[in-house]
Number of protein chains: 2
Amino acid sequence: MVGKQQYATVWAREAAEGARRAAQTAPAGLNRTQIVRAALEILDAEGLDSLSMRRLGTKLGVGATSLYWYVANKGELIDLAMDEVYGEVALPPAAGIGWREAAKVFAHSLHRTLLRHPWATRILGARPAMGPNAMDLSERAMALFEDAGFTGTDIDYALSTVMSFTLGLSVSEASWAETLKSSRMSDDEWMAQHTEALRTALAGRPRLAAIHAKLLAEDGPPARQARFDYGLDAILDGLAARLDARRQEPAHAEDVR
Amino acid sequence: MVGKQQYATVWAREAAEGARRAAQTAPAGLNRTQIVRAALEILDAEGLDSLSMRRLGTKLGVGATSLYWYVANKGELIDLAMDEVYGEVALPPAAGIGWREAAKVFAHSLHRTLLRHPWATRILGARPAMGPNAMDLSERAMALFEDAGFTGTDIDYALSTVMSFTLGLSVSEASWAETLKSSRMSDDEWMAQHTEALRTALAGRPRLAAIHAKLLAEDGPPARQARFDYGLDAILDGLAARLDARRQEPAHAEDVR
DNA sequence: GACGCCTCTCGAACACTGTGCGAGAGGTTT
DNA sequence: AAACCTCTCGCACAGTGTTCGAGAGGCGTC
């Protein structure tokens with residue numbers, strides 16, 4: 001009937017075809033998991049733009065087109081690599097430490113993971129996360145907020161708030177690292193090149209200039225951490241307030257009805 | 001001395017060279033602003049991957065390489081287009097409506113603007129925002145939170161919280177639209193292709209499945225709006241609490257010291 | 001052993017990308 | 001008339017993702 005079905009994501013294709021090829025282990029040959037691992041090494045070391053099929057092939061000592069036996073196209077490869085990243089995120093159960101603390105561990109882990117793989121932030125806006133690791137993470141995250149006392153769609157809404165904030169901050173922070181890496185400049189070269197632009201930019205904008213000066217005083221990574229913690233605490237406060245309000249409403253309201 | 005300086009961003013180049021070419025109006029010929037406008041039309045209609053220099057050239061009835069007279073490279077073009085997007089975001093002064101309401105208008109406007117240009121979310125993680133419109137937006141945003149009562153680095157931290165949340169949510173939502181557009185599928189085709197994948201994904205994950213069912217009940221855009229509002233309100237509550245706490249501390253604590 | 005089949009590799013080729021270079025057209029100034 | 005500046009663009013190059021079809025090697029069956 002149809003010549004050859006085109007699938008938009010790996011996950012759709014595998015679900016339809018059955019994941020024969022994924023688990024398969026060729027005795028001496030290639031392996032899908034090791035292809036993805038090699039791709040991750042290139043991505044982490046040199047950035048998204050440096051990953052090409054030919055480059056990945058030579059790294060594995062293999063022709064570029066051989067890779068297409070294990071992966072339908074580059075998009076699938078990137079989706080697989082991305083799901084590996086999601087697999088690195090820690091999310092402890094709320095039991096013992098409480099939901100706020102667990103949410104903090106989750107958010108911090110997600111943040112650090114994304115900064116360890118700055119290219120990943122460029123994928124976030126391009127492909128939906130549907131891999132097994134992403135799904136597992138979702139499941140555990142939903143469990144966390146449900147056990148915390150959120151109900152119905154609020155479970156998702158609360159999780160989305162924490163997660164969107166973390167994603168957004170990571171994306172902003174990583175964008176800097178990504179231009180820098182793709183321009184092949186050092187930190188100082190970039191700064192030197194942009195001081196002039198920054199000076200003219202701050203000239204007519206006093207509030208921005210004032211804040212910028214204050215931010216420069218407390219430098220680098222610790223300041224970024226402070227910003228992250230400030231926002232996260234504020235968010236958790238806001239969510240906790242919603243939780244308390246809900247507890248004081250007439251109980252079992254939906255049971256009566 | 002140096003043969004030809006390579007600049008990482010337009011803004012650095014223009015600051016160093018002086019923006020001669022930008023304002024210049026060739027009587028009958030091309031124009032940088034109209035190049036950017038045409039690029040925006042392609043980006044909005046067909047997505048980031050469909051913008052190529054040759055395509056843009058033919059759209060303007062001009063050779064592809066002619067564009068390089070007005071723009072150093074494709075990266076600059078995209079930075080310029082991106083700054084245009086920032087220019088569409090509304091941010092009213094707090095005066096009259098109060099800072100919470102103003103922040104809401106800002107966040108909603110940013111959200112809607114990014115969904116109107118889904119490709120833009122892919123740029124967020126790749127290039128820092130340093131254009132004049134982005135800077136103006138920053139200036140006004142800083143003013144908003146400073147006038148609200150935040151001080152010192154808290155001004156930036158509070159703004160970052162609201163902005164990161166909005167960015168992150170927009171990125172997640174747009175990723176869906178971006179795969180869809182690049183796969184040239186209809187909404188329904190995509191759904192049909194992924195029901196199987198979704199079914200197997202939800203099989204071993206009960207919490208996720210439960211929430212998913214609840215989210216399906218209240219469909220589409222209004223639900224997304226509810227999610228956004230829930231998070232934004234929670235965040236503003238958290239920030240407001242910080243503001244009140246600060247007000248009740250011994251005044252002028254840092255003056256005494 | 002011979003045959004067919006399945007798994008896997010890969011070279012050649014195609015259509016496309018961003019961009020450097022240098023020639024040249026047209027206009028303005030000297 | 002000569003020199004210059006602004007602007008356009010064809011050609012070419014190195015690189016991209018991906019298709020196709022040929023072929024190698026191993027395994028099971030007649």
Side-chain angles (χ1 to χ4, degrees), chain A residues 3-8 10 13 17-35 39 42-43 46-81 126-127 182-184, chain B residues 3-7 10 13 17-32 34-35 39 42-43 46-81 126-127 182-184:
Chain A
K4 189 190 286 184
Q5 176 84 30
Q6 289 282 19
Y7 290 97
V10 217
R13 207 195 76 221
E17 298 180 350
R20 293 172 297 104
R21 210 154 285 165
Q24 201 163 271
T25 53
L30 279 176
N31 193 339
R32 184 148 116 178
T33 61
Q34 79 184 249
I35 289 177
I42 294 179
L43 287 168
E46 303 170 45
L48 187 57
D49 297 330
S50 297
L51 178 68
S52 79
M53 298 305 265
R54 288 180 237 257
R55 171 115 175 59
L56 181 57
T58 58
K59 183 184 173 78
L60 288 163
V62 129
T65 54
S66 299
L67 304 172
Y68 284 87
W69 182 256
Y70 301 91
V71 148
N73 50 46
K74 194 184 177 181
E76 286 200 359
L77 179 64
I78 287 180
D79 284 346
L80 291 166
R127 322 261 319 173
S182 82
S183 72
R184 285 199 186 72
Chain B
K4 189 190 282 182
Q5 176 85 29
Q6 289 281 17
Y7 290 95
V10 218
R13 208 196 76 220
E17 298 181 351
R20 294 173 296 104
R21 210 155 285 164
Q24 202 161 272
T25 55
L30 279 176
N31 193 337
R32 185 147 117 177
Q34 79 185 248
I35 289 177
I42 293 179
L43 287 167
E46 303 172 43
L48 187 57
D49 297 331
S50 297
L51 178 68
S52 78
M53 298 305 267
R54 287 180 237 256
R55 170 114 178 56
L56 181 57
T58 58
K59 184 185 171 79
L60 288 163
V62 129
T65 53
S66 299
L67 305 171
Y68 284 87
W69 182 254
Y70 302 90
V71 147
N73 50 46
K74 194 183 177 182
E76 287 200 0
L77 178 64
I78 287 179
D79 283 346
L80 291 166
R127 322 261 318 175
S182 81
S183 72
R184 284 201 186 70

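Note that the coordinates shown come from a computational prediction; the quantities given were computed from them, not determined experimentally. Naming: A, B, ... by sequence-line order, numbering from 1 per chain.
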To the nearest angstrom, how far is [X] atom [atom1] from [N] atom [atom2]?
X: A/Asn31; N: C/dT9; atom1: CG; atom2: C1'; value: 16 Å
X: B/Asp49; N: C/dT17; atom1: CG; atom2: P; value: 11 Å
X: B/Leu48; N: C/dT17; atom1: CG; atom2: P; value: 13 Å
X: B/Leu60; N: D/dT8; atom1: CG; atom2: P; value: 11 Å
X: B/Leu56; N: C/dT17; atom1: CG; atom2: P; value: 12 Å
X: A/Leu67; N: C/dC8; atom1: CG; atom2: P; value: 14 Å

Closest contact, heavy atoms only, [X] versus [Y]:
X: B/Leu43; Y: B/Ala81; value: CD1-CB, 4.1 Å
X: B/Gly57; Y: B/Leu67; value: N-CD1, 4.0 Å
X: A/Tyr7; Y: A/Glu17; value: CE1-OE2, 4.0 Å

Hey, what do you get for OG (A/Ser182) to CG (A/Leu48), rounding to the nearest 0.5 Å?
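Between A/Ser182 OG and A/Leu48 CG, I get 10.5 Å after rounding to 0.5 Å.
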
Nearest 0.5 Å please: distance from the OG1 atom of A/Thr58 over to the CE atom of A/Met53.
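So the OG1 of A/Thr58 and the CE of A/Met53 are separated by 12.0 Å.
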
Return a table of donor-acceptor pairs under 3.5 angstrom between the side chains of residues 71-80 of chain B and protein atoms on other chains or two or more places apart.
| residue | atom | partner | partner atom | Å |
| --- | --- | --- | --- | --- |
| B/Asn73 | OD1 | B/Gly75 | N | 3.3 |
| B/Asn73 | OD1 | B/Glu76 | N | 3.0 |
| B/Lys74 | NZ | B/Leu51 | O | 2.7 |
| B/Glu76 | OE1 | B/Arg13 | NH1 | 2.5 |
| B/Glu76 | OE1 | B/Ala72 | N | 3.2 |
| B/Glu76 | OE2 | B/Arg13 | NH1 | 2.5 |
| B/Asp79 | OD1 | B/Arg127 | NE | 3.0 |
| B/Asp79 | OD2 | B/Arg127 | NE | 3.2 |
| B/Asp79 | OD2 | B/Arg127 | NH2 | 2.6 |

Pairwise N/O distances under 3.5 Å, protein to nucleotides 21-27 of chain D:
none

Does C/dC10 have OP1 or OP2 sitting under 4.0 Å from an N or O in the side chain of A/Ser66?
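Yes.
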
Counting only side-chain N and O atoms of A/Trp69, is one of them less than 4.0 Å from OP1 or OP2 of C/dC8?
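Yes, because at least one side-chain N or O of A/Trp69 sits under 4.0 Å from OP1 or OP2 of C/dC8.
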
Residue pair B/Ile35 / B/Val62, side-chain heavy-atom distance below 4.5 Å
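When only atoms from C-beta onward are counted, B/Val62 and B/Ile35 do not touch, as no gap falls below 4.5 Å.
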
Test of understanding: with side-chain hydrogen bond (donor to acceptor under 3.5 Å, both in side chains), list the residues that count as partners of A/Gln34, not counting sequence neighbours.
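None.
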
Among all residues two or more places apart in sequence or in another chain, which pass the side-chain hydrogen bond (donor to acceptor under 3.5 Å, both in side chains) test with B/Arg55?
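B/Arg55 satisfies side-chain hydrogen bond (donor to acceptor under 3.5 Å, both in side chains) with B/Glu46 once adjacent residues are dropped.
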
List, with names and distances, any nitrogen or oxygen atoms from the protein found under 3.5 Å away from nitrogen or oxygen atoms belonging to nucleotides 14-18 of chain D.
| residue | atom | partner | partner atom | Å |
| --- | --- | --- | --- | --- |
| D/dT16 | OP1 | A/Ser52 | OG | 3.1 |
| D/dG17 | OP1 | A/Lys74 | NZ | 2.8 |
| D/dG17 | OP2 | A/Met53 | N | 3.0 |
| D/dG17 | N7 | A/Arg54 | NH2 | 2.7 |
| D/dG17 | O6 | A/Arg54 | NH2 | 2.8 |
| D/dT18 | OP2 | A/Tyr68 | OH | 2.9 |
| D/dT18 | OP2 | A/Lys74 | N | 2.7 |

Bend angle of the helix from C/dG1-D/dC30 to C/dT30-D/dA1, from helix axes over five pairs at each end, nearest 10°
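Result, rounded to 10 degrees: 20°.
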
